[in-house]
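Take a look at the structure below.
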Number of protein chains: 2
Amino acid sequence: MAHKLNQIFSALADPTRRDILIMLLEDDMAVTDIAEPFEMSLAAISKHLIVLSKAGLVLQERRGRVKWCKLDPEAMHAAFVWIQTFGQLDPINLDTFEEFLEKEKLLNNSESI
Amino acid sequence: MAHKLNQIFSALADPTRRDILIMLLEDDMAVTDIAEPFEMSLAAISKHLIVLSKAGLVLQERRGRVKWCKLDPEAMHAAFVWIQTFGQLDPINLDTFEEFLEKEKLLNNSESI
DNA sequence: ACTTTATTCAACCAAATAGTTGAATAATAG
DNA sequence: CTATTATTCAACTATTTGGTTGAATAAAGT
């Protein structure tokens, strides 16, 4: 796939992958631990991580038999810059995860109309 | 398709659609005029515009036989907020995150009915 | 009335995506 | 050495995506 933005945005288009990214905000994690809260197979999560890794959103470093995954803010920043530049949007200021959830909830509600 | 963010990010994942959005920054346009610089068929562009419209990135208003397309900054802003909030998040506690996953799961189930 | 213009629809196709299961690989533990 | 653990691979399936063409619809122009 040609353009890096294609990979970044399509990586972000999947809710499982967005959830993984949010998990990785807290700490670096091994593939198996990332997979734990999800209801799909480990192989599926492994694939999602490869997608995130190819998009540059996640770095994977193998130590022994464990592959540690960590956020790589670089690609996310590229998407951010694209959107911001596009609309000349002003960065907003949100502080907590609770506010973030609130936003998501509002978004979900408006969607179900 | 489940989450509004899914639609927004996957709409943004296609370079043709990003180009269309950039064209629309300049001015509102009719479908045929949007299609003109691209090498694909008019029907293909029409489909892309429907995707953009469903994602909430573009508004389409029919006047006579012409369908005018204009940017709707709302959805773009939602994506912007998601990314920006993401980067701002403080370490989260896992319980909250599990709740978040639960809510998403319920939401997705109710949508797929 | 007839023709042109604007847009979408319908049917189709190839490729990509997101998931599955079971086997394979490779490192660690006992 | 053997068993367990961590991860991926391979093969398969169903669905979605992005494109095509030709016909359909509907408004406007002559």
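To find a chain, count down the sequence lines: A is the first, B the second, and so on, and within it residues start at 1.
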Nearest to the Val31(A) side chain among dT7(C), dT8(C), dT7(D), which nucleotide is it?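 Selected nucleotide (nearest to the side chain): dT7(D).
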For the side chain of Thr32(B), starting at C-beta, report the closest nucleotide among dA6(D), dC9(D), dT7(C).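 Nucleotide nearest to Thr32(B)'s side chain: dT7(C).
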Does the side chain of [X] reach to within under 4.5 Å of the side chain of [Y], using non-hydrogen atoms?
X        : Y        : answer
His3(B)  : Ile8(B)  : no
Leu12(A) : Leu5(B)  : no
Met29(B) : Cys69(B) : no
Leu57(A) : Leu24(A) : no

Could you tell me whether the phosphate oxygens of dT7(C), OP1 or OP2, come under 4.0 Å of any side-chain nitrogen or oxygen in Ser46(B)?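 False: Ser46(B) side-chain N/O out of range (4.0 Å or more) of dT7(C) OP1/OP2.
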Given dA6(C), is OP1 or OP2 found less than 4.0 Å from the side-chain N or O atoms of Arg62(B)?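 Answer no for this pair, as no side-chain N or O of Arg62(B) is under 4.0 Å from OP1 or OP2.
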Using atom [atom1] of [X] as one end and atom [atom2] of [N] as the other, report the distance to the nearest whole Å.
X        : N       : atom1 : atom2 : value
Leu49(A) : dA18(C) : CG    : P     : 13 Å
Ile50(B) : dT16(D) : CD1   : C1'   : 16 Å
Glu36(B) : dT7(C)  : CD    : C1'   : 17 Å
His48(A) : dA18(C) : NE2   : P     : 6 Å
Gln60(A) : dA6(D)  : CD    : P     : 16 Å
Leu12(B) : dG18(D) : CG    : P     : 12 Å
Asp14(A) : dT15(D) : CG    : C1'   : 14 Å
Phe9(A)  : dA16(C) : CZ    : C1'   : 20 Å

Hydrophobic side-chain clustering at under 4.5 Å (ILVMFWY, transitive links): who's grouped with Val66(B)? Put none if nobody.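 Trp68(B), listed by chain and number.
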With distance as the sole criterion, do the side chain of Arg65(B) and the base of dT7(C) form a donor-acceptor contact below 3.5 Å?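 No.
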Same apolar cluster (I L V M F W Y, side chains within < 4.5 Å links), Val58(B)/Val51(B):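 No; Val51(B) is not reachable from Val58(B) via cluster members.
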Are Phe9(A) and Ile22(A) joined in one hydrophobic group, where the rule is that I, L, V, M, F, W and Y side chains link up if heavy atoms are under 4.5 Å apart?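 The answer is yes; both residues are in one hydrophobic cluster.
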Determine the contact category for Arg63(B): base if any of its heavy atoms lies under 4.0 Å from a base atom, sugar-phosphate if only primed atoms, P, OP1 or OP2 are that close, otherwise nothing.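 Nothing, no nucleic acid heavy atom in range.
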Close N/O contacts between protein and nucleotides 20-22 of chain D (under 3.5 Å):
| from | atom 1 | to | atom 2 | distance (Å) |
| --- | --- | --- | --- | --- |
| dT20(D) | OP1 | Ser41(B) | N | 3.3 |
| dT20(D) | OP2 | Ser41(B) | N | 2.9 |
| dT20(D) | OP2 | Ser41(B) | OG | 2.6 |
| dT20(D) | O4 | Lys47(B) | NZ | 3.3 |

